[in-house]
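Structure record follows, encoded as structure tokens.
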Amino acid sequence: MTEARTDEEPADLTASERRMWDAYRTGSVCDLSTRAADRDDPHSEHVWGPERSVRARVVARLLLHGPPPVPGRVASLKLRGVRISGRLELSGGTVAPYVELQSCRFDSEVQLSEARFGTLRMVNCAIPRLEAARLHTEGDLHLPRCRVARGIRLTDAQIGTDLLVSQAVVQRDNKGRAIAADGLSVAQDLQGELLEAYGEVSMRGAKVGVSMNLRGARLRNPSGRFALNAPQLTVERTLYLTSIALDYAAYGGTSTPPYGLGPTPVRGRRARYFECLGGLRLDDGRFGDAIDFYGARFTLTDEQEISLRRIQTPEFRFVGERPEQGRVVVSGAKVVKLVDTSTSWPGPGGLSIEGFVYENLAPRGHFPLSRRLEWVAAATPEFSPEPYERLAAVLRASGEDQEAREVLLAKQRRRRATLPAAPKAWGYLQDWTVVYGYRPGRAALWMLVLWAAGAFMFSQLDPPAIKADEHPQWSAALYALDLLLPVIDLGQQGQWKLEGGWQWGAAGLVVMGWILATTVAAGASRLLRRG
């Protein structure tokens, strides 16, 4: 049961605690800093003595059962340059006052599990561990520039507006996780620009109401499978895993940190890359506007991967640097616009796009069709027709019919390599003669060549008629054309008696005519089906 507030000041307060008590009642800042930069850095090894220390239990009493404010003021806890000794235990409590701690140092972990806050801001603080599972805030949770030695736990936490961890440095806990935030819900933005995490960042099933920003972040978990493990992540707007322009304004001592330290850089501007040392998993994620990998760098082992299975987003910007090892998997993903470069994708064996559905291609820079076909081939070490057919359909929908035919031709040639000897030979013959029907002009040219050769050959012959009293006038040109054109009867074939080598010549023209006709017919049917 929550105790009533009391005006009584505990008798055992130290001088620094009394200053904090009085500042709380007036809503002013209790500043115990020395104004010396090296001595006020909470992350330095400089010892902060009792003159800068307050006990965690006194802080907890203020926040949970503090005295009423001075008339005309609003009670709040604002500390700067303060050492908090002992373990701050607020689990399950309801903290009504506004809380802002700047450049403070905690001796022990901070326990906020199942606590309720309005707004909680801890800026540039040294924290051994932050335990905040199922934390609920009506407003913001700010942790910019904090250094946390044994991880942050935000499992199933609910943040009423924004979560800010920009420039924070978070080490791993005893389970190898730097940030455990499975089931986290952030009503507005999650800002993590220049975040450094030395362990797995786990956000399975997390939800972000606007955008999630990890520009310039460095996520390192080389010994584990994933540096960012966020399957079923939902971001209503855009997920930014991009580089960041570094010519931004610093905090400058303001009590409220800015939202967003800088934009994604344009060419020529000084930038820090998003770096992921370890795998990344966003399987089954939903992103309302886009996923942006501009300038991202991935360092993977052969067993690690960038896993984007079954993600859904209107725009997928895969324009980072090509990972030298590991795999990129976008199997089953569905995007409207694919924005990429020819140098962002890994080579053979490092890419899987089976079932990857995209409707538009918007490459950045030079990305010729030959490189796009290499992209498909790299993703299909074992032949699969679906990636070729998807690419051809996208090109045809954008009006690139000729390029679509080139893709389907490449599909036929890849398929041919998987066939037994006899079908493979037939495939080579179709390719050599009429290019599988995808270039009908070549078929017409072969027809003309064969017709001319047949007409010349039969011009040397004056064959006897099979029926002496019933036959047309002999025409070498019409006879050769009648042999070449299957189905169509020009009245010459079957009227003349041929012997010896002439029979073989006529049979050769008939066979070549059927080859050309069936191949052209197959190509025409493919074109009429329009993919």
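Keep in mind that the numbers below use all heavy atoms, side chains included, and drop hydrogens, waters and symmetry copies. Since the structure is predicted, the reported quantities are computational estimates derived from the model, not experimental observations. Each residue takes its place number in the sequence, starting with 1.
Side-chain atoms of Glu275 and Arg220, non-hydrogen and from C-beta on, do get closer than 4.5 Å to each other. Residues Val235 and Lys207 have side chains not in contact (no heavy-atom distance under 4.5 Å, counting atoms from C-beta outward). The shortest side-chain heavy-atom distance between Leu143 and Val170 does not fall under the 4.5 Å cut-off. Put simply, the side chain of Val328 reaches to within 4.5 Å of the side chain of Pro323, judged on heavy atoms. Side-chain contact check for Leu280 versus Phe226: every heavy-atom pair is 4.5 Å or farther apart. In this structure, Tyr240 and Leu214 have side chains that are not in contact, with every pair of non-hydrogen atoms separated by 4.5 Å or more. Looking at heavy atoms from C-beta onward, Leu395 lies in side-chain contact with Leu369 at the 4.5 angstrom threshold. Looking only at side-chain heavy atoms (C-beta outward), Val186 and Asp162 stay at 4.5 Å or farther from each other.
The nearest pair of heavy atoms linking Ala404 to Ala392 is CB-O, 3.5 Å. Taking each heavy atom of Pro42 and Ala126 in turn, the nearest pair found is O-CB, 3.5 Å. Pairing each heavy atom of Gly199 with each of Arg172, the nearest pair is CA-NH2, 4.0 Å. When all heavy atoms of Thr238 and Asp289 are compared, the pair lying nearest together is OG1-CB, 3.3 Å. Heavy atoms only, all atoms of each residue included: Ser342 and His366 are closest at OG-O, 3.4 Å.
Among residues at least two apart or in separate chains, there is no ring pair (Phe, Tyr, Trp, His ring centres under 6.0 Å) pair with a member in residues 197-223.
Within the model, atoms CD of Gln188 and CG of Leu163 stand 12.0 Å from one another, a figure rounded to the nearest 0.5 Å. In this structure, SG in Cys125 is found 7.5 Å from NE2 in His43, a value given to the nearest 0.5 Å. For the atom pair CG of Leu228 and CZ of Phe274, the computed distance is 6.5 Å after rounding to the nearest 0.5 Å. Between atom SG of residue Cys276 and atom CZ of residue Arg297 there is a gap of 13.5 Å, rounded to the nearest 0.5 Å. For the atom pair OG1 of Thr234 and CE of Met212, the computed distance is 11.5 Å after rounding to the nearest 0.5 Å. Atom CZ in Arg281 sits 8.5 Å away from atom CD in Glu200 (nearest 0.5 Å).
If you check the side chains of Glu321 and Ser344, you find no donor sitting under 3.5 Å from an acceptor. Side-chain contact check for Ser331 and Ser352: at least one donor-acceptor pair (N or O, by modelled atom type) lies under 3.5 Å. Between Asn213 and Gln191, the side chains place a donor N or O and an acceptor N or O closer than 3.5 Å (distance only, hydrogens not considered). Looking at Thr242 and Asp292, their side chains never bring a donor and an acceptor atom within 3.5 Å of each other. Residues Thr155 and Asp182 have side chains that never bring a donor and an acceptor to within less than 3.5 angstrom of each other.
Remark: the backbone N or O of Phe287 is paired with a side-chain donor or acceptor of Thr313 at under 3.5 angstrom. Under the 3.5 Å distance criterion, the side-chain polar atoms of Gln158 are left unmatched by any main-chain donor or acceptor of Ala187. Checked by atom type and distance alone, the side chain of Arg204 never pairs as donor or acceptor with a backbone atom of Ala230 at under 3.5 Å. Using a distance-only test at 3.5 Å, with no hydrogens or angles considered, a donor-acceptor pair links the side chain of Thr161 to the main chain of Gly139.
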Exercise for review: Could you go through the side chain to side chain contact (heavy atoms under 4.5 Å, CB included) check for Glu354 and Glu386 one step at a time?
Suggested key: CA-CA 7 Å; Glu354 192 69 29; Glu386 189 275 334; 4.2 Å; yes
Exercise for review: With side chain to side chain contact (heavy atoms under 4.5 Å, CB included) as the test, would you mind laying out the steps for Leu141 and Leu154 before giving the verdict?
Suggested key: CA-CA 11 Å; Leu141 173 61; Leu154 288 168; 3.9 Å; yes
Point to revise | Full working for side chain to side chain contact (heavy atoms under 4.5 Å, CB included) between Phe316 and Tyr358 | key: CA-CA 9 Å; Phe316 178 35; Tyr358 51 95; over 6 Å; no
Practice item. Assess whether side chain to side chain contact (heavy atoms under 4.5 Å, CB included) is satisfied between Arg121 and Asp140, documenting all intermediate values. Key: CA-CA 7 Å; Arg121 290 191 172 112; Asp140 301 336; 3.2 Å; yes
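The neighbour count for Arg237 CZ, taken as heavy atoms of other residues, nucleotides or ligands under 6.0 Å away, does not exceed 12.
For the pair Arg317 and Glu315, the salt-bridge criterion is met [side-chain N within less than 4.0 Å of a carboxylate O]. The pair Glu131-Arg129 meets the salt-bridge criterion, since a charged nitrogen lies less than 4.0 angstrom from a carboxylate oxygen.
With Phe318 as the fixed residue, the ring-ring contact (aromatic ring centres under 6.0 Å, His included) test singles out one of Phe293, Phe356, Trp375, Phe298: Phe293. Across Asp156, Leu190, Ile179, Val208, a single residue satisfies side-chain contact (heavy atoms from CB on, under 4.5 Å) together with Leu184, and that is Leu190. Each of Arg414, Lys411, Arg415, Arg396 was compared with Glu389 under the salt bridge (charged side-chain N to carboxylate O under 4.0 Å, His left out) criterion, and only Lys411 meets it.
Figure legend: Arg372 and Phe367 shown as a cation-pi pair, the cationic atom lying under 6.0 angstrom from the six-membered ring centre and within 45 degrees of its axis.
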